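Throughout, protein chains are lettered first and strands after them, A, B, ... in sequence-line order, and every chain is numbered starting at 1. Because only heavy atoms are used, hydrogens play no part in the values below, and waters and symmetry mates are left out as well, while side chains stay in. What you are looking at is a predicted structure, and each value in this text was computed from that prediction instead of being measured.
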Number of protein chains: 2
Amino acid sequence: MPKVETFNRTNVLQKATEVFHKKGYNGTSMQDLVDATDLNRSSIYNSFGSKLGIFMEVLAFYQQGANQNFGKGLAEAYNATDAIEAIFKLTLNDIIGDDDRKGCLIVNCKSEMANQDHTIKSFIEKNQDRMIAMLEDIVSKGQMEKIFNTDQNPNQYALYLYTSIQGLRMTGILNKNEEDLQNIIKTVLKVLY
Amino acid sequence: MPKVETFNRTNVLQKATEVFHKKGYNGTSMQDLVDATDLNRSSIYNSFGSKLGIFMEVLAFYQQGANQNFGKGLAEAYNATDAIEAIFKLTLNDIIGDDDRKGCLIVNCKSEMANQDHTIKSFIEKNQDRMIAMLEDIVSKGQMEKIFNTDQNPNQYALYLYTSIQGLRMTGILNKNEEDLQNIIKTVLKVLY
DNA sequence: GTGTTAATGAAATGATCGTTCCAAAATTAA
DNA sequence: TTAATTTTGGAACGATCATTTCATTAACAC
């Protein structure tokens with residue numbers, strides 16, 4: 001019956017993610033998206049509804065990529081130490097690997113929009129819940145394995161680690177020295193032992 | 001000779017700061033500033049040059065206010081423990097006291113613009129240098145007083161603390177629970193002892 | 001008071017904003 | 001091949017963007 005969507009949706013989201021990541025939500029125009037995706041204006045609106053619509057899909061796309069990375073890292077971890085170090089190592093690699101020093105799209109989005117748009121706010125709350133659940137799980141296992149201390153409960157340590165990751169992403173925007181960043185991570189994790 | 005500037009510059013910067021803080025740089029329009037400051041468009045351009053011009057002054061104004069707060073807190077500190085706790089306590093109060101949960105203007109600005117505008121980037125680098133110098137000084141004294149350990153040198157600890165403060169500001173945007181935030185701070189500082 | 005100078009008010013600048021509209025092109029079921 | 005359906009291309013929408021222009025108003029030195 002109908003003509004089918006011809007473009008590669010993943011590819012388009014990839015391109016759109018790059019633009020939003022580099023320029024932020026308010027700094028990105030529809031024209032920027034048209035240029036980056038090689039899609040027509042109408043096609044964007046037809047497929048994503050609005051600027052906020054495509055941005056929400058971009059956020060989900062970005063989050064999915066990060067989750068996959070974490071998943072792989074955790075799969076190779078033999079104990080809680082490996083696991084938590086994998087999380088921070090992947091974050092560090094993401095920081096070091098980005099020559100533009102854009103920071104984390106989700107952290108940036110939180111800073112730009114969480115206090116203004118309810119849809120964004122609740123997306124990020126869910127993202128936070130997932131991150132904290134993951135960290136809590138690692139801490140919990142580490143405490144059962146007697147590798148981590150029990151000075152704080154897993155949820156408290158998870159919120160601490162989540163906070164540290166956000167701080168790391170912010171610092172990574174201006175500090176290019178890998179050794180410095182590794183040192184911060186070392187200090188952050190020391191309290192667990 | 002000339003008619004003199006009639007408006008209260010501090011008052012105008014105060015109002016402009018509120019707007020930029022709430023909506024971000026790209027989210028704020030010149031019309032927003034006209035409405036908030038009760039100044040005429042021409043007067044804004046006449047006195048501040050451009051949107052980026054007034055924003056730079058807003059950043060300096062905001063930074064100055066924060067510095068004064070830190071200064072007062074540090075003046076009352078008898079030792080390094082008091083000092084570092086004052087810094088985090090003031091940060092916590094700033095987070096808790098803001099019902100809009102806007103986060104820190106400078107952290108937000110870093111996330112939005114540091115990778116795009118060179119003037120902004122260098123402002124924030126200087127701000128970071130000052131913050132780290134202040135923290136380094138506290139750590140240094142604490143180590144001399146034998147209150148803090150010497151596992152890391154003052155500069156390394158300072159960067160760690162700076163990173164933690166940024167993380168705290170990000171977490172504070174969505175987490176309203178003061179107890180949780182205090183707990184994070186406790187965990188952050190534990191590594192020093 | 002007069003002359004000088006700069007701040008002000010209000011309108012207008014061209015560019016760009018996000019979004020819509022509609023005819024044309026393209027795809028599939030029949 | 002035809003009919004049905006939806007994507008596409010491109011122009012256009014009104015609104016808003018940051019900035020400029022200029023006549024008017026107000027303050028100071030003399």
>> Pairing donors with acceptors under 3.5 angstrom, does anything connect the side chains of B:Asn155 and B:Tyr160?
In response: no
>> Measure CG/A:Leu39 against P/D:dG9 and give the value in whole Å, please.
In response: 8 Å
> B:Asn26 CG to D:dT16 C1': how many Å, rounded?
Replying inline: 15 Å
>> Can you measure A:Asp32 atom CG to C:dT19 atom P for me and round it to whole angstrom units?
In response: 14 Å
>> In this structure, how many angstroms lie between the P atom of D:dG9 and the CE atom of A:Met30, rounded?
In response: 15 Å
>> Distance check needed: D:dT19 P versus B:Leu33 CG, whole Å only.
In response: 11 Å
>> Working note: A:Ile84 + A:Phe148, criterion side-chain contact (heavy atoms from CB on, under 4.5 Å); need CA distance, chi angles, decisive distance, verdict.
In response: CA-CA 11 Å; A:Ile84 198 65; A:Phe148 298 157; 4.1 Å; yes
> Considering only heavy atoms from C-beta outward, does the side chain of B:Asn26 approach that of A:Thr28 to under 4.5 Å?
Replying inline: no
> What nucleotide among D:dC17, C:dT19, C:dC17 has an atom nearest to a side-chain atom of B:Ser29?
Replying inline: D:dC17
> What's the CG-P distance between A:Asn46 and D:dG10, to the nearest Å?
Replying inline: 17 Å
>> Measure CG/B:Asn40 against P/D:dT25 and give the value in whole Å, please.
In response: 14 Å
> Side-chain donor or acceptor of A:Arg41 under 3.5 Å from a matching atom on the base of D:dT8?
Replying inline: no
>> Nearest whole Å is fine: how far is D:dT8 C1' from A:Phe48 CZ?
In response: 15 Å
>> Under a 3.5 Å distance rule, please check whether B:Glu57 uses its side chain to pair with a backbone N or O of B:Leu52 as donor and acceptor.
In response: no
> Taking for each residue the nucleotide of DNA chain C with the nearest heavy atom, is it A:Thr28 or B:Ser43 whose nucleotide lies nearer the 5' end?
Replying inline: B:Ser43
>> With hydrogens left out and only the distance checked, is there a donor-acceptor pair under 3.5 Å joining B:Ser42's side chain and the base of C:dA7?
In response: no
